[in-house]
Amino acid sequence: MNEQATTMWPEGKRCAVLISVLFDDGMDAVAAAPDLLQRSKSFSVWKYGAARGVERLCRTFASFDIAASWFAPGQVAEEHTGLLKAVAGAGHDLESHGWAFERHDRMSASQSVDLLKRSRETLGQLSGKAPTGFRLPAGNWPRGFDQSLLEAGYHWSASLNGDDVPYLHPSRLVEIPVHVELEDRPYFQFNFTPAFPKGQSRIPSYDGVLHNWIAEFDAYRRFGLCYVLQLRPEWSGTPGRISIVEDLLAHIRGFDDVWIATGAMIADWHRKNGVAPPLTHPLHVYDAYLQEQQSNG
């Protein structure tokens, strides 16, 4: 069956594009390898983002007149208040990436809600606008977590992978799916001795990375989907790699039928215009599995 482009976007636009930034300031790396805090040479790779990458990304976005959605943990917001105030002042949305890169699948629902509220309050005080969006920092998506997000004041998430257009959780929380091929980390996250992560290959050709991202965009536009680019200041904010971002944005800007929007804008649009996904959607795969086990039990 041939897939056809949809007309689900505002003003007859062919597809949607969300430029997102994940600013964890090394908290993600420490969560995976706590000993990095005692390895200053290795840890400095992740700290580079705050020193140089954030500013480069902001300048690039400004040159293309693009507002991005920046996801940051609450503790990073406390440490880099001035930097994130500048990001918000440049017209970007600050959204939550948890509090301290915690795993919500290892805590109670009440503990989750407390941390979700704490992060939202901290980021809201900093930017003057409480976050409406959330990106799961680590671990699995707990059952019923959409309800916890709503209870804490969030309206949308960009955490799961099971589609290439937004969809509604049963609670009507909007999910904006993300995909690993549109992240910079799988291409550029490298450390030295010892290797972190283990088994990482050589740094790829920059032309190859740009080719992949453009090929994905062209396909998303062809089929009328929601293209979500995920950048990190430490990986895409270097002097050479920022040119990949510039060339990609120039390509995207070359089409007048593309809706470039923040996550909040896309979520608001879908909440008003979208429909609940069918029972065969990946969102329901766990419930379907449980039902099958119970029927076979």
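Note that the coordinates shown come from a computational prediction; the quantities given were computed from them, not determined experimentally. Every heavy atom of this structure was used, including side-chain atoms; hydrogens, water molecules and symmetry mates were not.
Legend: residues meeting ring-ring contact (aromatic ring centres under 6.0 Å, His included) with His211, ordered by chain and number and at least two apart, are absent. Phe61 meets the ring-ring contact (aromatic ring centres under 6.0 Å, His included) test with His92; sequence neighbours excluded. Here Ile214 pairs with Leu210, Asp218, Leu248, His251 under the side-chain contact (heavy atoms from CB on, under 4.5 Å) rule; sequence neighbours left out. By the side-chain contact (heavy atoms from CB on, under 4.5 Å) test, Glu246 pairs with Thr60, Phe64, Ile242, Ser243, sequence neighbours left out. Shown here are the side-chain contact (heavy atoms from CB on, under 4.5 Å) partners of Ser148, two or more places apart in sequence or in another chain: Ala109, Val113, Leu116, Phe145. Scanning for ring-ring contact (aromatic ring centres under 6.0 Å, His included) contacts around Tyr48 gives an empty result, with sequence neighbours left out. The ring-ring contact (aromatic ring centres under 6.0 Å, His included) test applied to Trp99 returns no partner, not counting sequence neighbours.
The salt bridge (Lys or Arg N to Asp or Glu O under 4.0 Å) analysis of residues 274-283, with sequence neighbours excluded, yields no pairs. Residues in residues 252-265 take part in these side chain to side chain donor-acceptor pair (under 3.5 Å) pairs, two or more places apart or across chains: Asp93-Thr262, Arg221-Asp257. For residues 96-115, every residue pair satisfying the salt bridge (Lys or Arg N to Asp or Glu O under 4.0 Å) rule, not counting sequence neighbours, is listed here: Arg103-Asp105. Pairs engaging residues 67-76 under the salt bridge (Lys or Arg N to Asp or Glu O under 4.0 Å) rule: none recorded [sequence neighbours left out].
Counting only heavy atoms from C-beta outward, the side chains of Asp268 and Trp156 never approach each other to under 4.5 Å. Side-chain atoms of Cys15 and Val258, non-hydrogen and from C-beta on, do get closer than 4.5 Å to each other. Using a 4.5 Å cut-off on side-chain heavy atoms (C-beta onward), Arg120 and Ser96 make no contact. Side-chain contact between Val30 and Phe43 is present, with heavy atoms from C-beta onward closer than 4.5 Å. At a threshold of 4.5 Å between non-hydrogen side-chain atoms, the residues Val54 and Trp70 count as touching. No side-chain heavy atom of Val245 sits under 4.5 Å from any side-chain heavy atom of Arg56. Residues Leu168 and Val174 form a side-chain contact, since some pair of their non-hydrogen atoms from C-beta on lies under 4.5 Å apart. For the pair Gln147/His169, no side-chain contact is recorded, criterion being any heavy-atom separation below 4.5 Å from C-beta on.
For the pairing with Tyr227, the ring-ring contact (aromatic ring centres under 6.0 Å, His included) check across Tyr220, Trp9, Trp213 returns one residue only, Tyr220. Just one residue in the list Arg135, His179, Glu181 forms a side-chain hydrogen bond (donor to acceptor under 3.5 Å, both in side chains) with Gln230, and that residue is Arg135.
Residue Tyr154 is not grouped with residue Leu115 when hydrophobic side chains (ILVMFWY) are merged at heavy-atom distances under 4.5 angstrom, including chains of intermediate members. Using a 4.5 Å cut-off between side-chain heavy atoms of Ile, Leu, Val, Met, Phe, Trp and Tyr, with links allowed through other members, Met107 and Phe101 fall into different hydrophobic clusters.
At least one donor-acceptor pair closer than 3.5 Å links the side chain of Gln111 to the backbone N or O of Ser108. Put simply, the side chain of Arg185 never gets that close to the backbone of Trp235: no donor and acceptor are under 3.5 Å apart. Here the side chain of Glu175 pairs a donor or acceptor atom with the backbone of Ser159 at under 3.5 angstrom.
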message: One pair to check against side chain to side chain contact (heavy atoms under 4.5 Å, CB included): Ser157 and Leu173. What are the steps and the verdict?
response: CA-CA 7 Å; Ser157 161; Leu173 181 92; 4.1 Å; yes
message: Assess the residue pair Val178 and Asn161 against the criterion (side chain to side chain contact (heavy atoms under 4.5 Å, CB included)); give the C-alpha distance rounded to whole Å, side-chain angles, the decisive distance to 0.1 Å, and a yes or no.
response: CA-CA 5 Å; Val178 294; Asn161 316 110; 3.7 Å; yes
message: Between Tyr187 and Tyr206, is the ring-ring contact (aromatic ring centres under 6.0 Å, His included) condition met? List the steps.
response: CA-CA 9 Å; Tyr187 298 105; Tyr206 290 6; over 10 Å; no
task: Start with the C-alpha distance between Tyr167 and Leu160, add both sets of side-chain angles, then the distance that settles side chain to side chain contact (heavy atoms under 4.5 Å, CB included), and finish with yes or no.
output: CA-CA 10 Å; Tyr167 57 86; Leu160 303 182; 3.6 Å; yes
field: Chi angles and distances behind the side chain to side chain contact (heavy atoms under 4.5 Å, CB included) call for Ser127, Leu84
entry: CA-CA 8 Å; Ser127 67; Leu84 284 174; over 6 Å; no
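In terms of heavy atoms, Pro177 sits closest to Asp164 at CG-N, 4.3 Å.
Figure legend: Arg14 and Phe255 shown without cation-pi pairing, the cationic atom not lying both under 6.0 angstrom from the six-membered ring centre and within 45 degrees of its axis.
Looking only at atom types and distance, the side chain of His281 has a donor-acceptor partner in the side chain of Asp163 under 3.5 Å away.
Under 4.0 Å is where a charged nitrogen must lie from a carboxylate oxygen, and between Asp184 and Arg241 no such pair does.
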Could you give the side-chain donor-acceptor pairs of residues 71-82 under 3.5 Å, partners two or more places apart or in another chain?
from	atom 1	to	atom 2	distance (Å)
His80	NE2	Asp25	OD2	2.9
Thr81	OG1	Ala77	O	3.0
Thr81	OG1	Glu78	O	3.3

